[in-house]
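None of the values given here were measured: they were computed from a predicted structure.
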Amino acid sequence: QVQLVEPGGGSGQAGGSLRPPCAASEYTYSTYYMGWFRQAPGKEREGVAAIDSDGNTNYADSVKGRFTISQDNAKNTLYLQMNSLKPEDTAMYYCAALYGGSYYVVPLSKYEYNYWGQGTQVTVSS
């Protein structure tokens, strides 16, 4: 079974930084897509950032210039570097994966991903 684990997001202040990890049990596929999604209370789950096996990335407009997605293949770990945090970044964050597939643009749609972590809370105070 493919497993994705987000050990913890944590909390921070506006203007600060966080770097939650996501540990993946599968990083041996030649083609894959990994993404971070978030869902705030009363909101739909939205794509934040995604990366493919070739290092191509895609970001939501709301986080461009502030967040950076990266991967450490040796550790089978995905990271989301979150800088210049805003209170509106507060949400439950989920990492997700798609193994195989073929996309011209790294997908940010939740409907394209079929493996999900349990989620981790990120809270940003003013």
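The two atoms that bring Ala60 and Gly47 nearest to each other are CB-O, 3.4 Å, heavy atoms only. The heavy-atom pair separating Gln121 from Ala91 by the smallest distance is NE2-O, 3.4 Å. Of all heavy-atom pairs between Pro20 and Gly8, the closest is CB-O, 3.7 Å. What you find for Gly12 and Leu18 is that their closest heavy atoms are N-CD1, 4.3 Å. Residues Ala97 and Leu4 share a closest heavy-atom pair of N-CD1, 3.7 Å.
For the pair Met34/Tyr115, no side-chain contact is recorded, criterion being any heavy-atom separation below 4.5 Å from C-beta on. In this structure, the side chains of Glu46 and Lys110 stay at 4.5 Å or more apart for every pair of heavy atoms.
Clustering ILVMFWY residues whenever any of their side-chain heavy atoms sit less than 4.5 angstrom apart, transitively, puts Val63 in the very cluster that holds Trp36.
Annotation: side-chain hydrogen bond (donor to acceptor under 3.5 Å, both in side chains) contacts involving residues 79-89, sequence neighbours excluded, comprise Ser17-Asn83, Arg38-Asp89, Arg66-Asp89, Gln81-Asn83. The disulfide bond (SG atoms under 2.5 Å apart) analysis of residues 84-126, with sequence neighbours excluded, yields the pairs Cys22-Cys95.
In this structure, Leu78 CG and Ser70 OG are separated by 7.0 Å, a value rounded to the nearest 0.5 Å. With rounding to the nearest 0.5 Å, the separation of CG in Asn76 from CD in Gln3 is 12.5 Å. Atom CD1 of Ile51 sits about 5.5 Å away from atom CD1 of Ile69, to the nearest 0.5 Å. Atom CZ of Phe67 is separated from atom CZ of Arg19 by 14.0 Å, given to the nearest 0.5 angstrom.
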**Message:** For a side-chain contact (heavy atoms from CB on, under 4.5 Å) check, start with the C-alpha distance between Thr90 and Val122, then their side-chain angles and the critical distance, and finish with the verdict.
**Reply:** CA-CA 5 Å; Thr90 296; Val122 170; 6.0 Å; no
**Item:** Steps toward side-chain contact (heavy atoms from CB on, under 4.5 Å) verdict (Gln71, Tyr32)
**Value:** CA-CA 12 Å; Gln71 56 192 342; Tyr32 61 82; 2.9 Å; yes
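With sequence neighbours excluded, the residues that form a side-chain contact (heavy atoms from CB on, under 4.5 Å) with Ser125 are Gln13. For Lys64, the side-chain contact (heavy atoms from CB on, under 4.5 Å) partners two or more places apart in sequence, or in a different chain, are Tyr59, Asp61. Asp54 pairs by the side-chain contact (heavy atoms from CB on, under 4.5 Å) definition with Asp52, Asn56, not counting sequence neighbours.
Between the side chain of Glu6 and the backbone N or O of Gln118 there is at least one donor-acceptor pair closer than 3.5 Å. Side-chain atoms of Thr120 come within 3.5 Å of backbone atoms of Gly9 as a donor-acceptor pair (strictly under, hydrogens ignored). Looking only at distances, no side-chain donor or acceptor of Ser109 sits under 3.5 Å from a matching main-chain atom of Pro107.
The other members of the hydrophobic cluster of Tyr33, by chain and number, are Phe37, Met92, Tyr94, Leu98, Tyr103, Val106, Tyr113, Trp116 (side-chain heavy atoms under 4.5 Å, ILVMFWY only).
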